[in-house]
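First the structure, in the form of structure tokens, and then the observations on it.
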Amino acid sequence: MKLSQYYLPLLKETPADAQIASHRLMLRAGMIRQEGAGIYAWLPLGHRVLKKIEQIVREEEDRAGAVEMLMPTIQQADLWRESGRYDAYGKEMLRITDRGDREMLFGPTNEEMITEIFRAGVRSYKDLPTLLYHIQWKFRDEIRPRFGVMRGREFLMKDAYSFDIDEASARHSYNRFFAAYLRTFSRMGLTAIPMRADTGPIGGDLSHEFIVLADTGESAVFCDKRLLDLPIPGADTDFSKDLQPIVDQFTNYYAATDEIYDEKEFEQKVDEDNRVSARGIEIGHIFYFGTKYSKAMNALVTGPDGKNTAVHMGSYGVGVSRLVGAVIEAFHDDDGCKWPMSVAPFHVGLVNLKPGDADTDAACNNIYKGLQAAGVDVLYDETKARPGEKFARMDLIGAPLQVVIGPRGLGEGKVEVKRRSDGAREELALEAVVEYASSAVRDGLSHP
Ligand code: ATP
Ligand code: MG
């Protein structure tokens with residue numbers, strides 16, 4: 001992408017009403033624009049990150065055995081009356097009436113709809129387990145939307161749902177998502193800690209929130225430091241096999257959010273040196289809630305004994321749009337974002353120091369084309385702006401690698417490559433740049 005053709009409305013001033021770094025940087029870097037309280041337009045740069053995060057989530061859901069679909073944003077009130085949640089959900093639900101006076105709502109979550117879809121299509125235990133997910137916009141009329149996309153009213157969520165014949169197999173489904181989430185967040189460079197959590201209005205008896213530690217997080221959390229260094233399940237993990245050992249490795253250590261935190265228990269289970277009491281951002285949340293919805297909504301299958309039984313269900317959310325903010329909270333400095341390679345809007349920022357100079361233009365064009373052909377996402381600054389302005393802009397955007405080309409270096413066949421994560425600079429031979437960048441993308445290099 002050539003910068004002159006891109007839409008990148010950067011802000012000169014730091015927005016005064018943005019309280020946390022990720023919100024400030026997303027506005028400054030022209031990633032989002034507020035269109036209403038807690039409602040954002042995703043501008044091209046922000047949209048690229050959102051799509052990359054969404055794709056990682058998708059790949060790991062698929063790997064875990066879940067099947068993608070898409071449910072609508074608008075739902076019928078009657079469906080929610082079946083589960084009893086139409087009245088229980090309260091003011092967070094945005095209620096709508098259509099021209100025929102039918103009561104509808106903008107979905108805050110999809111347990112009811114997926115249960116309705118499931119009961120229409122599955123009759124026998126032989127078809128189980130069924131694991132379905134979608135990645136769709138939700139609306140919750142939050143009382144205090146804030147921190148930009150972290151707590152929006154309209155936000156993008158991945159929500160998955162599992163249907164099993166009994167509790168034991170439902171736990172296996174739960175474990176699939178538990179392990180998948182560890183991989184998902186780790187691929188974005190995040191250390192997410194699964195913490196025992198309250199099940200809230202969704203109900204049920206088994207639930208974990210996945211939390212990244214950050215001073216700006218909204219929850220107070222308490223955990224064992226050793227959780228930060230546990231191995232993440234590999235790409236070769238067989239999700240059909242028993243995953244309990246992976247889950248146990250994590251759940252053996254104490255980790256709880258403030259809602260269920262117990263000081264005595266914490267001090268008993270974690271020795272002083274390993275106690276972490278910090279703040280965190282909830283990026284995912286998984287629940288097993290048994291037959292709560294299937295009983296209320298008559299989602300039955302015939303079991304091996306020929307009798308109808310209510311299916312055991314779980315639901316599994318990831319805050320896809322919140323993750324954009326969470327990744328920035330984890331990786332930034334005063335000058336801008338420091339994207340991990342896997343979610344960077346552009347892998348490489350290519351800076352032409354002397355546009356109009358025939359040799360510099362030719363060298364830049366070659367590298368630009370070479371990078372594109374190698375599948376590297378490159379933003380090419382061929383504008384007439386001053387070098388200082390170009391550098392500041394690239395730092396703000398935060399591409400993991402900056403390739404800087406000017407007549408001086410070119411005289412010796414050299415270009416400069418700067419790593420955004422730690423500012424390290426290297427001189428490379430002109431011919432080596434494309435291979436260097438593509439192998440950095442392959443290796444996910446960005447945080448050595
Ligand atoms: P929170 O406690 O932050 O309000 P929740 O527990 O109500 O979230 P869930 O129903 O568990 O949210 O939703 C699944 C995921 O969706 C959350 O883990 C979070 O990452 C994301 N999410 C929830 N509410 C919002 C929001 N208002 N803005 C952005 N993301 C959200
Ligand atoms: Mg939650």
Side-chain angles (χ1 to χ4, degrees), residues 20 22-23 26 32 34 36-40 42 46 49-50 53-54 56-57 61 73 85 88-94 106-114 133-161 174 177-178 180-181 184-185 188 190 192-204 206-212 214 216-221 256-261 279-289 292-293 313-330:
I20 63 173
S22 58
H23 188 197
M26 288 183 79
I32 49 169
Q34 187 173 340
I39 300 177
Y40 292 87
W42 290 80
V49 179
L50 188 67
I53 288 178
E54 180 184 321
I56 291 177
V57 171
E61 294 293 298
T73 54
R85 279 209 296 180
Y89 217 92
K91 289 211 170 235
E92 272 199 13
M93 180 184 280
L94 181 66
F106 196 123
T109 179
N110 283 68
E111 280 80 10
E112 283 77 2
M113 190 179 283
I114 198 77
Y133 76 98
H134 74 159
I135 301 172
Q136 176 64 293
W137 294 91
K138 305 290 186 287
F139 197 98
R140 293 183 185 174
D141 201 352
E142 300 273 357
I143 189 160
R144 271 185 81 196
R146 57 181 183 155
F147 301 159
V149 300
M150 290 278 211
R151 183 165 296 284
R153 292 199 297 165
E154 188 179 272
F155 60 97
L156 189 59
M157 193 204 285
K158 183 285 300 179
D159 39 325
Y161 304 89
Y174 185 90
F177 289 97
F178 191 109
Y181 279 24
T184 302
F185 301 130
M188 301 169 193
L190 298 173
I193 308 170
M195 302 199 178
R196 268 190 300 132
D198 199 7
T199 51
I202 290 187
L206 179 60
S207 173
H208 287 88
E209 288 180 0
F210 285 72
I211 303 269
V212 281
T216 49
E218 288 187 287
S219 341
V221 298
T257 62
D258 49 359
E259 285 160 354
I260 61 159
Y261 163 71
R279 302 199 68 79
I281 303 168
E282 177 191 330
I283 51 179
H285 198 164
I286 61 179
F287 300 88
Y288 163 64
F289 42 72
K292 179 181 155 101
Y293 295 93
M313 293 174 58
S315 79
Y316 315 89
V318 168
V320 176
S321 50
R322 178 179 286 182
L323 272 166
V324 181
V327 172
I328 299 179
E329 288 299 322

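Every number for a ligand or one of its atoms is a count from 1 in the order of the listing. Just so it is clear, the values below take in all heavy atoms, side chains as well, and ignore hydrogens, waters and symmetry mates.
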Side chain, backbone, both or neither: the part of [X] lying under 4.0 Å from ligand 1 by heavy atom:
{"X": "Met150", "answer": "backbone"}
{"X": "Asp159", "answer": "neither"}
{"X": "Arg322", "answer": "side chain"}
{"X": "Met157", "answer": "side chain"}

Counting only N and O atoms by type, is there a donor-acceptor contact under 3.5 Å from the side chain of [X] to the main-chain atoms of [Y]?
{"X": "Arg279", "Y": "Glu218", "value": "yes"}
{"X": "Glu92", "Y": "Arg140", "value": "no"}
{"X": "Gln34", "Y": "Gly36", "value": "yes"}

Check: Is any protein N, O or S atom closer than 2.8 Å to the Mg ion (ligand 2), and if so, which?
Finding: Glu282 OE2, His285 ND1
About how many Å separate [atom2] of [Y] and [atom1] of [X], when rounded to the nearest 0.5 Å?
{"X": "Ile193", "Y": "Phe185", "atom1": "CD1", "atom2": "CZ", "answer": "12.5 Å"}
{"X": "Thr73", "Y": "Trp137", "atom1": "OG1", "atom2": "CH2", "answer": "11.5 Å"}
{"X": "Asn110", "Y": "Tyr161", "atom1": "CG", "atom2": "OH", "answer": "4.5 Å"}
{"X": "Met195", "Y": "Phe210", "atom1": "CE", "atom2": "CZ", "answer": "10.5 Å"}
{"X": "Leu206", "Y": "Ile286", "atom1": "CG", "atom2": "CD1", "answer": "7.0 Å"}

Could you list which atoms of ligand 1 come closer than 4.0 Å to a heavy atom of [X]?
{"X": "Ile283", "result": "18 (O), 20 (O)"}
{"X": "Glu142", "result": "24 (N), 26 (C), 27 (N)"}
{"X": "Gly319", "result": "15 (C), 16 (O), 20 (O), 21 (C)"}
{"X": "Gly284", "result": "18 (O)"}
{"X": "His285", "result": "6 (O), 11 (O), 18 (O)"}
{"X": "Val149", "result": "29 (C)"}

Does at least one non-hydrogen atom of [X] fall below 4.0 angstrom from an atom of ligand 1?
{"X": "Gly152", "value": "yes"}
{"X": "Thr109", "value": "no"}
{"X": "Leu323", "value": "no"}

Geometric class of the [Y]/[X] ring pair [parallel <30°, tilted 30-60°, perpendicular >60°]:
{"X": "Phe287", "Y": "His285", "answer": "parallel"}
{"X": "Tyr181", "Y": "Phe177", "answer": "perpendicular"}
{"X": "Tyr174", "Y": "His208", "answer": "tilted"}

Check: For ligand 1, is there an N or O atom under 3.5 Å from any N or O atom of Arg151?
Finding: yes
Checklist line | Within-cut-off N or O pair, Arg153 and ligand 1, under 3.5 Å | finding: no
Check: Per the side-chain contact (heavy atoms from CB on, under 4.5 Å) rule, which among Val212, Ile283, Ile53 passes with Met188?
Finding: Ile53
Notebook entry, point to check: Charged N to carboxylate O below 4.0 Å: is that the case for Lys292 and Glu111?
Noted result: no
